[in-house]
Number of protein chains: 2
Amino acid sequence: MSSPPRAETFPAHTPAASQIFVTALSQGPLTRLELARRAGLSPAAVTKAVRPLIEAGYLVESADQDARPALGRPASLVCVDGGRALFVGIKVTGDEVIGVLTDLCCRVLFARRLPLADRAPQAVLTTLAGLTQELMAEADGLGVHVVGAGLAVSGDVDRGEGMVRYSPFLEWREVPLAELAAATTGLPVTVDNDVRALTVAEQWFGAGVGLSDFALVTVGAGIGCGLVVHGQVVAGAHGVAGEIGHVTVDPAGPLCHCGNRGCVEAVAGDAAIVARVRAATGVQVADAVEAAALAHDGIPGAQEAYARAGEAIGRGIATVANLLGPERVIISGEGLAAYDLFAEQIRDSFAAAAFGSAARCDVQTRPLPFEEWARGAAATAIQSFIASGPHQ
Amino acid sequence: MSSPPRAETFPAHTPAASQIFVTALSQGPLTRLELARRAGLSPAAVTKAVRPLIEAGYLVESADQDARPALGRPASLVCVDGGRALFVGIKVTGDEVIGVLTDLCCRVLFARRLPLADRAPQAVLTTLAGLTQELMAEADGLGVHVVGAGLAVSGDVDRGEGMVRYSPFLEWREVPLAELAAATTGLPVTVDNDVRALTVAEQWFGAGVGLSDFALVTVGAGIGCGLVVHGQVVAGAHGVAGEIGHVTVDPAGPLCHCGNRGCVEAVAGDAAIVARVRAATGVQVADAVEAAALAHDGIPGAQEAYARAGEAIGRGIATVANLLGPERVIISGEGLAAYDLFAEQIRDSFAAAAFGSAARCDVQTRPLPFEEWARGAAATAIQSFIASGPHQ
DNA sequence: CGGCTTATTTTCCGCTGTCAATGAAAGAAA
DNA sequence: TTTCTTTCATTGACAGCGGAAAATAAGCCG
């Protein structure tokens, strides 16, 4: 049906070479010596690993003379050539697909969203194929090949098998999405859970670079959490992990769609905020944007709803910090648009509920453009591509 | 002051040899072929790794003919010789020290508890030295050398540095316990947090064998939790991790010593149960044993206190399961003596609060003899000893 | 006693990463 | 200008780890 997937593989012939490449990819241009130090290898190993990667065009040597030593031979910087290969990343939601074309450094070159009328796997696949074609045409215009695609789907996703085990929004069960999409697009396809995909993007290209333990909390329609422990994304033995949204913060709180009361999501999810703003103000706000507008206008009932949400989120973050002791927690998601409405409550309730030194955890926010979820999908594709080399 | 520490080191000259030894240690007698399979190595590698370990006496070949194949050459079983080396493990609490002598398989050969009158580091060290001498004398009686000691202390402990950063019960700050104890005992000393030490014991010798992701929840005076993620014990970036005891289960609940309301420990810790039993029944029970006796007698107020505790613990476990998706949760601790009083509530509230497939997590209980914490300390010493080999 | 089967060992062999020495590229000093 | 010093990078020899395949061992069965 199509060209064989994985026509192009990454020429890192040893685990050390992959490791060095990833270090260069996420920690920016570095001298060989510095690469060796950060990857825990000898300079000689770096020299040997870097050469074939430069020959293959994945790394370039820049003569940037910024941090030249006062004395001695100037170092040359080694840097990933982002333009060497392009990737497609697509986030699939229940009612639209968002696609991006990125370079090897996960910089978004082009973004596109399409509505999704029909959620049946076949219909979604057709839309995905069309979107991928469009993004690949864009890549052709740049004269660079797309070498992999990543798909991000919410729910229980088995990345290793490329299977969507169960996605409530799409109403899918056991869909072998990677296989199907690879067949229709002719590209190697990686499928992962959306929050984990975003976590990979943060780990390699965002605020998680260089950290072995951090958490990413997404605030929006749902409240999600991606965890990196011991340098690896936590997937969970049964496909469930990072469900901070269903941590209970108040057993007497509002009913959650999961059946429990007082889940973080039942207090701080968009729907919960909207419901509370409606109840408190009598204004029939349609969505979170309108609810936030009311709060920004100073309406007390609306502000109260956000304060409560902030408190719940802070408590959820404290729970993660108490259990895992991450170095950093990154807050992101569409809900950040209203961040000023609950920033204080998040910080206060985190500080109050964090136990001992867990409070030393660095809590940051990070804006999330609409295409960020798709960029996460691209990050998983980049990860798979780099792992596709001949070694192992 | 003493003989140089680490007189005897473990002769595993390659990482693979250590891995094979650990597999044999925790997964019992196995054939070489099976060892190869479980460690992900070739049979040839096993042969090469096993020989020097047999020569050094750490492994023995048993001709057990149980699972002989119907056809072909019978397999010979490879098994760790527990009697090859002995270890000391000591748990230090605020008012006593509990010491054990174990063999290499972490079987307890001798246990001893001593009261602790004075918590000052120097006084504790003297007690530790005396206890260690006694245990080593016991070992001399067996004609086998003690090759390492492990100390388990609650609080913030930096195992790598051998430092007790902060221990509330001992009122210690920044005590270089490993160094001090090594000097007074002449043994290589490993120091770790008590719950993490117990987690290591479960990982290598208990219900966590063969699992890469599990949690150990200890129920007693405090509620603790040790986590194994990606095959490694989670230590936390700031020395805090596994603080399930300070996960909030009810923001309107009783005040916890940590300053918050409704922590798991404030509902399910021994002190909380005792307080609630007193309040509900009017009987001035002195401790958890008396409280449990009352509940066993069918006094409703006491039973209610246990029911609440069980609910809190179940919720705490669900929180861990929702965030990390472990394969198994092991419940242990002194509080298990009253397990029948809240088993049902733990199971029910876990099942209710677990999100989706997280409920598939296997929840087990495991009895905990009084010397178990000390055995955990010995497990860390065994771990350090095996890692003490020439490689790395 | 030969087949047959499975377990273990042996014998190479490729590959990886390190070591120690050497080369390269500056600025500084003579 | 030449030489020294300093630091970065490369080279080439090398040790050793773990794998593949072939050989060997050890039973059973006819």
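Convention: sequence-line order gives letters A, B, ...; per-chain numbering from 1.
Position along DNA chain D of the nearest nucleotide to Gly40(B) versus Thr31(A) favours Thr31(A) as the more 5'-ward residue. Summary of the strand contacts: Ala17(A) and Val46(B) both lie near DNA chain C, and taking for each the nucleotide with the nearest heavy atom, the more 5' one is attributed to Val46(B). Comparing Pro43(A) and Glu61(B) along DNA chain C, the residue whose closest nucleotide (by nearest heavy atom) sits nearer the 5' end is Glu61(B).
Taking 4.0 angstrom as the limit, Ser76(A) places none of its side-chain polar atoms (N or O) nearer than this to OP1 or OP2 of dC8(D). Between dT11(D) and Arg51(A), a contact under 4.0 Å exists linking OP1 or OP2 to a side-chain N or O.
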Could you go over nucleotides 4-6 of chain D and give all protein N or O partners under 3.5 Å, atom names and distances?
| residue | atom | partner | partner atom | Å |
| --- | --- | --- | --- | --- |
| dT6(D) | O2 | Gly72(A) | N | 3.4 |

Nucleotide N/O of nucleotides 12-17 of chain D paired with protein N/O under 3.5 Å:
| residue | atom | partner | partner atom | Å |
| --- | --- | --- | --- | --- |
| dG12(D) | O6 | Lys48(A) | NZ | 3.4 |

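Atom P of nucleotide dT24(D) and atom CG of Leu33(B) are separated by 20 Å, given to the nearest angstrom. Between the P atom of dT8(C) and the CD1 atom of Ile20(B) lies a distance of 13 Å, rounded to the nearest Å. A straight line from CG of Leu35(A) to P of dG17(C) spans 15 Å, rounded to a whole angstrom. For Leu77(B) and dT8(C), the CG to P distance is 8 Å, given to the nearest whole Å. Remark: C1' of dA20(D) and CG of Leu41(B) are 14 Å apart, rounded to the nearest angstrom.
By the side-chain contact (heavy atoms from CB on, under 4.5 Å) test, Ala201(B) pairs with Ala379(B), sequence neighbours left out. Taking Gln203(A) as the reference, nothing meets the side-chain hydrogen bond (donor to acceptor under 3.5 Å, both in side chains) condition, with sequence neighbours excluded. With sequence neighbours left out, the side-chain hydrogen bond (donor to acceptor under 3.5 Å, both in side chains) criterion links Arg84(A) to Glu8(A). In this structure Cys79(A) satisfies the side-chain contact (heavy atoms from CB on, under 4.5 Å) test together with Pro29(A), Val60(A), sequence neighbours excluded. By the side-chain hydrogen bond (donor to acceptor under 3.5 Å, both in side chains) test, Arg32(B) pairs with Glu61(B), Ser76(B), sequence neighbours left out. With sequence neighbours left out, Glu161(A) forms a side-chain hydrogen bond (donor to acceptor under 3.5 Å, both in side chains) with no residue at all. Under the side-chain contact (heavy atoms from CB on, under 4.5 Å) criterion, Ala85(A) pairs with Tyr58(A), Phe87(A), Val147(A), sequence neighbours left out. Take Leu211(B) and apply the side-chain contact (heavy atoms from CB on, under 4.5 Å) test, not counting sequence neighbours, and it matches Phe214(B), Glu327(B), Arg328(B).
Applying the salt bridge (Lys or Arg N to Asp or Glu O under 4.0 Å) test to pairs two or more places apart or on separate chains, none has a residue in residues 40-52 of chain A.
Judged purely by distance below 3.5 Å, without hydrogens or angles, the side chains of Arg38(A) and Gln19(A) never pair a donor atom with an acceptor atom.
Here CG of Leu216(B) is found 13.0 Å from CZ of Arg196(B). Values are rounded to the nearest 0.5 Å.
From one end of the helix from dC1(C)-dG30(D) to dA30(C)-dT1(D) to the other, with five pairs defining each end axis, the axis direction shifts by 30° (rounded to 10°).
In the set dA26(C), dA26(D), dT11(D), the nucleotide with an atom closest to the side chain of Pro74(B) is dA26(D).
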